[in-house]
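Structure, as structure tokens:
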Amino acid sequence: METKKTLVYILISIFLSVKFLFWRFQPRYTKVTSAYRLTRHFNIQSLTSVTRNKFDFMSYMVNKAKSVNKALDEAVPLCEPVLKIREAMRYTLLSGGKRVRPMLCLAACELVGGQESTAMPAACAIEMLHASSLIQDDLPCMDDDNLRRGKPTNHKVFGEGIAVLTADALIALAVKKMATSSTSSPEKVLRAILEMAKAVGTEGLVAGQAADLAGEAVIGGIMGGGSDEEIERLRSYARCIGLMFQVVDDVLDVTKTSEELGKTAGKDLIAGKLTYPKVMGVEKSKEYAERLNREAREHLQGFDSDKVAPLLFLADYIVNRQN
């Protein structure tokens, strides 16, 4: 049994490393063409007590971010060996950010009856993978960016060689964090790891920057013990907000300044990428994001009104975000 678990760990580590290394080379048009698929109009009823209750989403988000930040800080202590690599890991991993991805994982876990502690290892692993993708995204061979979250990018501070090694180290640590989770059954952990591999592969992150959000909600649902039906509804919801995230991101890239975004604005336009605004126009892109928001909310109808509130407000937050 231990040998089998070790083999799974090694194979998935290699798989994730290879997938992440080349994820940015996937043509962006694969995301844009999906915008032309027919999106049906929804006659959504008001979400009863959820919209009337005064749920403090910002406080919820801040509290979840604090919990995640604490866990991440403990996961990467600043010590030997490879002190420089650890310093570079912490530089990107703890550089702020909204922690939307781990929050989505935790909220999905709690929605189906799980506890925050149950999904925290998975939430940390998800943020480690995200941090790794940001480091690689900014490299000269990729987007060649100098600014991330209002700070110099990782390779500008530590050099390209250290940045590449740091991205690899974060991937390995993410898999280790998931594989050594002691709060869930081995079956749930293995299923979650496989879902994570799928989320960052050709069906997920390789196909689009925010397409991995579907996997993150599903991982939370798995760790929380959700039924197959609940997990698939979470997957559908997260696919909508993942696409919505990308649409809004493209709009912000052409409507905001670098200072407002905390990263270089207008780089997609300069690079000639097929973004949503370029294909659909800014206003049509905004309308499309609103339709995706309505669709996402429909997938959550029927869940407990109190437990579902964070995910509903998260969808609104993403569609209305300004950076």
Side-chain angles (χ1 to χ4, degrees), residues 9 13 16-17 20 57-110 114-138 147-159 162-184 189 192-193 196 199-200 212-213 215-216 219-220 223-224 262-263 310 314 317 323:
Y9 176 89
S13 296
L16 287 174
S17 297
F20 255 102
F57 175 70
M58 294 312 297
S59 292
Y60 176 89
M61 196 170 185
V62 167
N63 289 333
K64 291 300 182 189
K66 286 181 178 178
S67 297
V68 171
N69 288 338
K70 181 177 183 295
L72 290 173
D73 181 49
E74 294 171 351
V76 190
L78 192 57
C79 62
E80 296 289 359
V82 290
L83 181 61
K84 195 67 174 180
I85 298 293
R86 288 176 179 270
E87 184 181 351
M89 291 168 72
R90 290 173 62 86
Y91 179 81
T92 298
L93 194 59
L94 303 176
S95 64
K98 307 173 193 68
R99 308 304 189 199
V100 169
R101 287 166 172 79
M103 193 211 80
L104 176 59
C105 177
L106 296 175
C109 175
E110 293 171 337
Q115 301 296 318
E116 178 184 289
S117 58
T118 304
M120 186 57 76
C124 288
I126 285 166
E127 192 65 9
M128 290 169 187
L129 293 178
H130 179 54
S132 174
S133 75
L134 296 182
I135 293 172
Q136 295 180 344
D137 192 32
D138 294 333
L147 190 67
R148 173 70 67 177
R149 292 172 177 169
K151 299 168 59 178
T153 49
N154 195 287
H155 71 275
K156 283 296 178 180
V157 177
F158 299 96
I162 293 293
V164 171
L165 292 175
T166 298
D168 290 342
L170 284 167
I171 295 170
L173 183 58
V175 179
K176 180 180 178 181
K177 192 71 176 175
M178 285 284 290
T180 57
S181 173
S182 60
T183 56
S184 298
V189 171
I193 290 176
M196 184 170 69
V200 299
D212 58 317
L213 285 171
E216 287 149 14
I219 289 169
M223 301 301 281
K263 60 182 180 180
L314 175 62
Y317 174 81
N323 56 36

Legend entry - R149 to G96 - nearest heavy-atom pair and separation: NH1-O, 3.5 Å

Legend entry - Closest non-hydrogen atom pair between L93 and E127, with its separation: CD1-O, 3.8 Å

Inset, instruction - Flag yes if more than 12 heavy atoms outside K151 fall under 6.0 Å of its NZ atom; otherwise flag no. - result: yes

Legend entry - Nearest-0.5 Å distance that lies between atom CG in L170 and atom NE2 in H130: 11.5 Å

Legend entry - Considering all heavy atoms, the nearest T166-A88 contact: OG1-CB, 3.1 Å

Inset, instruction - Work out which heavy atom in F57 is nearest to a heavy atom in P310; give both atom names and the distance. - result: CE1-O, 3.6 Å

Legend entry - Separation of M196 CE from L129 CG (nearest 0.5 Å): 5.0 Å

Inset, instruction - For the residue pair L72 and R90, establish whether any side-chain heavy-atom pair is separated by less than 4.5 Å. - result: no

Inset, instruction - For the pair D137 (side chain) and S133 (backbone), establish whether a donor and an acceptor sit closer than 3.5 Å, ignoring hydrogens and angles. - result: no

Legend entry - Contact summary for I171 and S132, nearest pair of heavy atoms: CG1-OG, 3.4 Å

Inset, instruction - For residues S95 and R148, determine if any side-chain heavy atom of one lies less than 4.5 Å from a side-chain heavy atom of the other. - result: no

Legend entry - Distance, nearest 0.5 Å, that separates CD of E216 from CD1 of I126: 4.5 Å

Legend entry - Test item: D73 side-chain N/O and N69 main-chain N/O as donor-acceptor pair under 3.5 Å: no

Legend entry - Between CG on residue L173 and CG on residue D168, distance to nearest 0.5 Å: 12.5 Å

Inset, instruction - Answer whether the closest heavy-atom distance between the side chains of H155 and D138 falls below 4.5 Å. - result: yes

Legend entry - Euclidean distance, T118 OG1 relative to M120 CE, rounded to 0.5 Å: 10.5 Å

Legend entry - Heavy-atom side-chain proximity of I219 to M178 below 4.5 angstrom: yes

Inset, instruction - Taking the side chain as every heavy atom from C-beta outward, state whether L147 and K156 have any atom pair closer than 4.5 Å. - result: no

Legend entry - From CA spacing to verdict: side-chain contact (heavy atoms from CB on, under 4.5 Å), E87, L78: CA-CA 6 Å; E87 184 181 351; L78 192 57; 4.0 Å; yes

Inset, instruction - Determine yes or no for a side-chain-to-main-chain donor-acceptor pair under 3.5 angstrom, with R86 supplying the side chain and P81 the backbone. - result: yes

Inset, instruction - Return the minimal non-hydrogen interatomic distance between M89 and A169, and the atom names on each side. - result: SD-CB, 3.8 Å

Legend entry - Spatial distance of atom SG (C105) from atom NZ (K64) [nearest 0.5 Å]: 10.5 Å

Legend entry - Pairs involving residues 75-108, ordered by first then second residue, that meet ring pair (Phe, Tyr, Trp, His ring centres under 6.0 Å) (sequence neighbours left out): Y91-F158

